[in-house]
Amino acid sequence: MKPPVILYKKLPDDLLARLESHFSVTQLNNLSQETIKQNAQAFADAQGILGSSETVDKAFLEHTPNLRAASTISVGYDNFDVDALSARGIALMHTPTVLTETVADTMMTLVLATARRALEVAERVKKGEWQGSIGADWFGIDVHHKTLGILGMGRIGLALAQRAHFGFSMPILYNARRHHQEAEERFNARYCDLDTLLAESDFVCISLPLTDETYHLIGAEQLAKMKSSAILINAGRGPVVDEKALIQALVDGKIHAAGLDVFEQEPLPVDSPLLSLPNVVALPHIGSATHETRYNMAACAVDNLIAALSGKVKENCVNPQVLK
Ligand code: 8YV
């Protein structure tokens, strides 16, 4: 008999077929209380779950006594209670590497769009305001040769450093838990403390996961340390930035602009003050959202679940200690 698993995100047909060749798959739309109630037996039997973005905490795990592996179609796993999973011996699998380049492209998109005010001026063209040669009220600021600060030098931070260094001749500062030799040798990145990075960067780019340590890492105090001409970019997780403090800093002109792909609440509420600020570019969490990358992430997550449930895990496991 094939091991029973729950799929709670749509998969391309060929990947669904691959999953079904290994497992008996129950397809659901989400992991809401109602879904769990209506499919109690499927949850009770499930040895694996595959999906993304839904909360998997202690309360959820009470419904899944036979769970052995959880596979998320994402690199971030802040929606999982890793300690609770580990305590039960459940492997958590994620999809790093396959999305690295695409997320770094998204960050560079935010750097360029905010600096050159791309969305704002495109909107003015659509409104028919381009009537003669443009004046200084249409101008942006240069990106090339400006200092780019990176918070979090993981895979994505490194890919951003590569783009900034080779593509835009930008000096790079970074702050991370440890020195990153490759970033320093290949992209001339300079390690510095958070305050120095905030004070010296023209672009402060956040590429950090959400943890207890990074929650509201950037608040009023940190924003006040940035140059008034600086731009904040966040494509990590929304709650790393205190959004209220950010809005205040933008309104008060403490910083120049913000490019955001992630928010404290997603989807971003339509009445968020961020949406009425002209110097904010707000994207709908598209960091990894290209056809190619989302396919590769889903394929990776399917392979991860197959590996985890057959005891053959080599990589992509968040809590490998449970496999011993
Ligand atoms: C995901 C992300 O696509 O990988 C992550 O951590 O934030 C995105 O790339 C998102 O979680 C939806 O699956």
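Indexing begins at 1, ligand by ligand and atom by atom, following the structure's order. Values in this document were obtained by computation on a predicted structure and should not be read as measured data.
Side-chain atoms of Asn279 and Thr114, non-hydrogen and from C-beta on, never get closer than 4.5 Å to each other.
Residue contacts with ligand 1, taken as heavy atom pairs separated by less than 4.0 Å, involve Ile73 solely via the backbone atoms N, CA, C and O. Of all the heavy atoms of Ser53, the ones lying under 4.0 Å from any atom of ligand 1 belong exclusively to the side chain.
The backbone N or O of Glu20 lies less than 3.5 Å from a partner atom in the side chain of Lys2, making a donor-acceptor pair. Listed for the Arg124 side chain is no donor-acceptor partner under 3.5 Å among the backbone atoms of Trp130. Between the side chain of Glu123 and the backbone N or O of Glu120, no donor-acceptor pair lies under 3.5 Å.
Here the heavy atom of the protein found nearest to atom 13 (O) of ligand 1 is Ser52 OG, 3.0 Å. Annotation: atom 4 (O) of ligand 1 to nearest protein heavy atom, Val75 N, 2.7 Å. The protein non-hydrogen atom at the shortest distance from atom 1 (C) of ligand 1 is Ser288 OG, 3.8 Å.
Not a single N or O atom of Ser74, backbone or side chain, sits closer than 3.5 Å to an N or O atom of ligand 1.
Atoms of ligand 1 lying under 4.0 Å from any heavy atom of Leu99, numbered from 1 in the order shown and given with element: 4 (O), 9 (O). Under a 4.0 Å criterion applied to the non-hydrogen atoms of His285, ligand 1 contributes the atoms 2 (C), 7 (O), 8 (C). Below 4.0 Å from some heavy atom of Lys9 lie the following atoms of ligand 1, by number and element: 13 (O). Residue Arg237 has at least one heavy-atom neighbour below 4.0 Å for each of these atoms of ligand 1: 2 (C), 5 (C), 6 (O), 7 (O). Near Gly76, meaning under 4.0 Å from one of its heavy atoms, ligand 1 places the atoms 4 (O), 5 (C), 6 (O).
Residue Arg294 places a heavy atom under 4.0 Å from ligand 1. Within the 4.0 Å heavy-atom shell around ligand 1 one does not find Gly287.
The aromatic rings of Tyr174 and His179 stand perpendicular to each other, their planes meeting at an angle above 60°, with 30° marking the opposite boundary.
When all heavy atoms of Asp261 and Pro284 are compared, the closest pair comes out as OD1-C, 4.0 Å.
There is no side-chain donor-acceptor pair under 3.5 Å between Asn296 and Glu292. Side chains of Ser86 and Asn319: a donor-acceptor N/O pair is present below 3.5 angstrom, by distance only.
Glu200 pairs with exactly one of Arg190, Lys225, Lys227 by the salt bridge (charged side-chain N to carboxylate O under 4.0 Å, His left out) rule, that one being Arg190.
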